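Residue numbers count from 1 along this sequence. All heavy atoms count here, side chains included; hydrogens, waters and symmetry mates do not. Not measured: the values here are computed from a predicted model.
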Amino acid sequence: MKHTPTIRAELDRYLQQEGLNIAQFGQIAGMNRGIISAIVTGNKSMSVNQLDLITEAMGLPEGHFYDLFVENYIVDHPPNMRRIEPFLYRCAELDKLDVIRRVVGAIMDNLLYSPKLFEIAEELLSQGRNAAALLLYEGVAEAEKYQHSERLAVCQYRIFTIQIGDDQSRNIRAAAVFEAFVERLDESDQLDALKDLANVYRSLRKWDKVDEMARKMRAKAEIQYSMKHEQRSRERDESVNKLSRPLFVYISYADLLCASVCEAQDDYQQALQYTYAYADLGWVEETDETTQHWIGLFQNWAECNIYVNTLLSGDISVLSDYVEYIAASKVDNEMVTKLLNVMFAANRYKLDILKRFDMVIDSFVQQPSSDIYTYQVVPEQTTRFKYELAKYYLNRGNYSYGFKYLLDVLSKSLANNKESFFIRCIRLFEQFKQFADVRTFIKYESLVSVGQRDRLFYY
């Protein structure tokens with residue numbers, strides 16, 4: 001039988017090795033002599049703060065004894081949340097994820113600890129310690145998987161938002177798992193959940209799912225908006241105040257999403273009808289500053305998208321107005337989408353219009369955000385823009401720029417498991433490969449080789 005070492009034995013060994021008595025060590029550690037004595041003799045357990053002081057006094061790295069702490073004071077003892085809670089926070093600070101995983105595994109056989117672990121997870125998430133929070137949410141979700149509770153649904157929502165990242169295949173799985181829990185959330189959380197799901201599906205170009213999420217969101221938001229203005233109850237106001245956006249935004253954003261679905265299906269006339277709907281917000285009853293801000297945003301988006309859908313439907317008479325509109329716009333999250341629409345028109349109708357935008361082409365790449373739209377949709381649009389840019393330059397004989405953007409998209413598609421983009425890049429490269437120099441060809445072959453190895457595509 002393997003004997004598990006103890007922190008007490010390690011401390012006792014250290015004192016003998018260094019020739020220190022308990023009083024001397026207590027002075028070094030800044031701890032009471034009696035506490036040290038009780039720990040060494042095994043008559044007293046210790047807190048994580050005391051453990052940190054002892055570890056530092058022994059000249060060891062922070063968290064050195066954390067695995068032993070789990071063995072000595074958690075695994076074989078009745079869970080004591082007064083000890084476990086500060087220990088989990090400290091593990092999160094030191095990024096001791098394996099230790100957190102062991103603690104969760106040791107105590108989650110008992111559902112009584114779910115509420116406290118969930119509370120700790122929420123606090124860690126608010127601190128930006130997402131990886132640590134994820135382990136707690138997963139532990140609570142696993143323990144409560146047969147409970148059909150709202151807390152289980154919230155855990156799945158948090159797991160979904162934490163997991164969403166650059167890997168599109170992982171995003172598909174995360175969205176598919178979470179979607180089944182949306183209806184278990186409270187009504188306000190449902191709206192944000194549907195919005196986030198729609199944005200992820202939009203980045204994945206799963207247009208049937210975007211349409212489904214948008215329609216569900218609009219129906220729920222319309223009911224809540226009607227109830228808000230009919231009941232005027234404190235409970236209703238508190239529910240609405242939990243939303244990340246004003247309630248009317250979810251109705252209008254659903255129209256915007258439906259317009260994007262129609263646009264992707266080349267149904268530009270129907271896209272225009274949805275666009276006119278979210279441009280006309282005279283029905284909104286609120287008049288506060290936040291409401292006016294969002295109304296202004298929707299009107300700006302509508303102005304842009306009316307140009308876009310008119311242009312893509314074949315009416316290029318609006319092109320000059322659209323170009324002027326973009327030129328007057330500030331460079332923000334929406335600039336990449338505006339430029340992407342210019343590229344669609346330029347490549348579809350063989351137009352030479354890119355010179356107006358030389359100064360902003362390299363300035364639209366955005367930093368990641370906690371907002372799923374910015375984190376998912378904007379990077380996806382950026383990738384599509386660069387692909388269209390590559391096509392634009394290659395078709396005009398500017399091969400250095402064309403291959404530069406093409407290889408960039410190929411590399412990002414490989415890193416993010418975007419199979420459709422990867423294959424489209426290969427087809428475009430094969431069309432112009434006779435114009436590629438040796439370095440470009442070598443880099444291309446290397447990326448394709450990795451794609452074959454990872455089974456991203458097959459010949």
Side-chain angles (χ1 to χ4, degrees), residues 108 111-127 130 133-134 136-164 174-202 209-255 257 284-286 288 290-291 294 370-373 375-376:
M108 282 313 297
L111 284 175
L112 291 175
Y113 301 108
S114 287
K116 190 59 181 179
L117 276 193
F118 177 78
E119 180 184 312
I120 295 170
E122 293 282 87
E123 177 60 28
L124 290 175
L125 186 67
S126 72
Q127 295 173 4
N130 291 5
L134 177 61
L136 300 188
Y137 287 127
E138 288 175 336
V140 175
E142 177 62 24
E144 297 196 356
K145 62 184 177 182
Y146 301 119
Q147 302 303 306
H148 301 283
S149 65
E150 184 181 324
R151 182 167 53 240
L152 171 60
V154 174
C155 281
Q156 292 292 352
Y157 189 12
R158 302 289 190 263
I159 291 168
F160 165 71
T161 55
I162 292 171
Q163 287 182 335
I164 292 301
V177 170
F178 170 58
E179 192 177 327
F181 293 90
V182 172
E183 296 291 336
R184 300 190 202 175
L185 295 166
D186 72 28
E187 57 186 18
S188 57
D189 281 339
Q190 285 182 32
L191 293 180
D192 277 319
L194 289 167
K195 168 185 63 67
D196 290 341
L197 274 169
N199 283 330
V200 171
Y201 283 130
R202 185 179 177 187
K209 300 300 292 185
V210 175
D211 187 69
E212 180 185 348
M213 297 303 110
R215 292 181 186 280
K216 285 182 178 180
M217 181 171 67
R218 183 199 290 112
K220 292 176 182 293
E222 286 175 340
I223 292 171
Q224 290 193 43
Y225 194 82
S226 176
M227 293 175 64
K228 173 188 175 183
H229 291 283
E230 288 175 0
Q231 297 181 4
R232 297 287 185 184
S233 68
R234 176 180 296 181
E235 182 179 347
R236 172 61 51 186
D237 288 342
E238 289 176 354
S239 176
V240 169
N241 289 338
K242 288 176 60 180
L243 293 166
S244 66
R245 289 151 173 74
L247 185 50
F248 83 90
V249 169
Y250 298 88
I251 301 171
S252 299
Y253 191 58
D255 286 329
L257 289 169
V284 176
E285 296 188 33
E286 293 80 9
D288 57 277
T290 301
T291 296
W294 279 100
S370 58
D371 180 88
I372 285 185
Y373 174 84
Y375 192 76
Q376 286 295 302

Q: Just to verify, what does Arg151 make a side chain to side chain donor-acceptor pair (under 3.5 Å) with, not counting sequence neighbours?
A: Glu144
Q: Inspect the contact between Glu285 and Lys228 and indicate whether a charged nitrogen and a carboxylate oxygen are less than 4.0 angstrom apart.
A: no
Q: Please report the shortest heavy-atom distance between Arg158 and Thr161, naming the atom on each side.
A: O-OG1, 2.9 Å
Q: Are the side chain of Gln147 and the backbone of Leu152 linked by a donor-acceptor contact shorter than 3.5 Å?
A: no
Q: Among Glu212, Glu179, Lys209, which residue satisfies the side chain to side chain donor-acceptor pair (under 3.5 Å) criterion with Tyr201?
A: Glu179
Q: Taking side chain as C-beta onward, heavy atoms only, is Val200 less than 4.5 Å from Phe160?
A: yes
Q: Give me the atom names and distance for the closest heavy-atom approach of Thr290 to Pro246.
A: CG2-CG, 3.7 Å
Q: Checking Gln190 side chain against Leu185 main chain: does a donor-acceptor pair fall under 3.5 Å?
A: yes
Q: With distance as the sole test, does Tyr157 use its side chain to make a donor-acceptor pair with the main-chain N or O of Asp192 at under 3.5 Å?
A: yes
Q: Going by heavy atoms in the side chains, are Glu138 and Cys155 under 4.5 Å from each other?
A: no
Q: Can you see whether Glu122 engages Tyr137 through a side-chain donor-acceptor pair at a distance of less than 3.5 angstrom?
A: yes
Q: Which pair of non-hydrogen atoms, one from Val140 and one from Ser114, has the smallest distance, and what is that distance?
A: CG2-O, 3.9 Å
Q: List in chain and number order the residues that pass ring-ring contact (aromatic ring centres under 6.0 Å, His included) with Tyr113, two or more places apart in sequence or in another chain; answer none if no residue qualifies.
A: none
Q: Are any non-hydrogen side-chain atoms of His148 and Arg184 less than 4.5 angstrom apart?
A: yes
Q: Do we see a donor-acceptor contact under 3.5 Å between the side chains of Tyr250 and Ser188?
A: no
Q: State, yes or no, whether a side-chain contact exists between Met217 and Leu257 at a heavy-atom distance under 4.5 Å.
A: yes
